[in-house]
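Notes for the one structure printed next.
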Amino acid sequence: MASILSFSGKSPKIDPSAFVARGSQLIGDIEVGADASIWYNCVLRGDVNRIRIGARTNIQDGTVIHVDSPAAGDEQGYPTLIGADVLIGHMAMVHGCVLHDRAFVGLGSIVMDGCEIEGEAMLAAGALLPPGRKIASGQLWAGRPARYVRDLRPEEIAAHREGVAHYVELAKRHAEAIRNR
């Protein structure tokens, strides 16, 4: 089973159609949208700020999502706001940032405080996006630290959209397998 824990009077709110895999930990001020999927052994810790995950977003195995506290001079802190139809690859670290609808974060990559990845933009596998950076729509960034590489081709953007649909269906199959166990 996944661990769904309250913290400081706030509990995760998970849409009934969302899939949260066994071994995942969801703590505090978290909202998960319709048909979203949070895969095995992910940690989402909304203890000192909020985490929002949009519909059909896919957070793959072993990913860690956290936030940053409000502080003097920064009363908002850094929540993690993830839009709809976002793909986040295995073992990513997503911290105090904004991922717009249809953003893509490659496996093993790191997105730090104050970053923003616009829709149909991609951070490549293994990349590190330093604090405060912004990836514009349609761009591919890679490296440590991540830098602009090129614009994404239309077929790459289409493949990301197909990936969203694939993971929605796969999550339903996993949920059914667990129910029928």
Closest approach of [X] to [Y] (non-hydrogen atoms, all atoms of both residues):
X	Y	value
Ala121	Ala136	CB-O, 3.3 Å
Asp35	Lys172	OD1-CE, 3.8 Å
Asp101	Gly83	OD1-CA, 3.3 Å
Leu140	Ala124	CD1-CB, 4.0 Å
Cys115	Cys97	O-CB, 3.3 Å
Ala127	Ala146	CB-CB, 4.3 Å

Going through the distances and angles, do Leu87 and Val105 end up as a side-chain contact (heavy atoms from CB on, under 4.5 Å)? CA-CA 6 Å; Leu87 293 171; Val105 175; over 6 Å; no
Between Asn58 and Ile38, is a side-chain contact (heavy atoms from CB on, under 4.5 Å) present by the stated rule, with each step listed? CA-CA 6 Å; Asn58 162 257; Ile38 299 168; over 6 Å; no
I need the [X] [atom1] to [Y] [atom2] distance, nearest 0.5 Å.
X	Y	atom1	atom2	answer
His66	Arg45	NE2	CZ	3.5 Å
Ser17	Arg56	OG	CZ	9.5 Å
Leu99	Glu118	CG	CD	11.5 Å
Met93	Ser109	CE	OG	10.5 Å
His100	Lys134	NE2	NZ	6.5 Å
Leu170	Ser37	CG	OG	8.0 Å

Would you say [X] and [Y] make side-chain contact, with heavy atoms under 4.5 Å?
X	Y	answer
Gln60	Leu107	no
Arg102	Val86	no
Arg133	Val111	no
Asn49	Pro70	yes
Gln139	Leu152	no
Leu129	Trp141	yes

Would you mind checking if Asp29 and Arg50 are paired as a salt bridge, meaning a charged N to carboxylate O distance below 4.0 Å? no
So that I can tick it off, tell me whether Glu31 and Lys10 are bridged by a salt bridge, with the cut-off set at under 4.0 angstrom between side-chain N and carboxylate O. no
Does [X] use its side chain to pair, donor to acceptor, with the backbone of [Y] at less than 3.5 Å?
X	Y	result
Asn180	Glu176	yes
Thr63	Gly89	yes
Ser3	Gln25	no
Glu169	His166	no
Ser137	Gly119	yes

Checking Asp113, Asp68, Thr80 against His95 for side chain to side chain donor-acceptor pair (under 3.5 Å), the one that qualifies is Asp113
Measure centre to centre between the rings of His174 and Trp39, then say whether the value is under 6.0 Å. yes
Flag for His160-Asp85: side-chain donor and acceptor within less than 3.5 Å: no
After noting the C-alpha distance and the side-chain angles of Ile82 and Ile88, does the key distance pass the side-chain contact (heavy atoms from CB on, under 4.5 Å) rule? CA-CA 10 Å; Ile82 301 171; Ile88 299 176; 3.9 Å; yes
Under the side-chain contact (heavy atoms from CB on, under 4.5 Å) rule, what do Leu44 and Ile53 come out as? Steps first, then yes or no, please. CA-CA 10 Å; Leu44 285 69; Ile53 298 167; 3.2 Å; yes
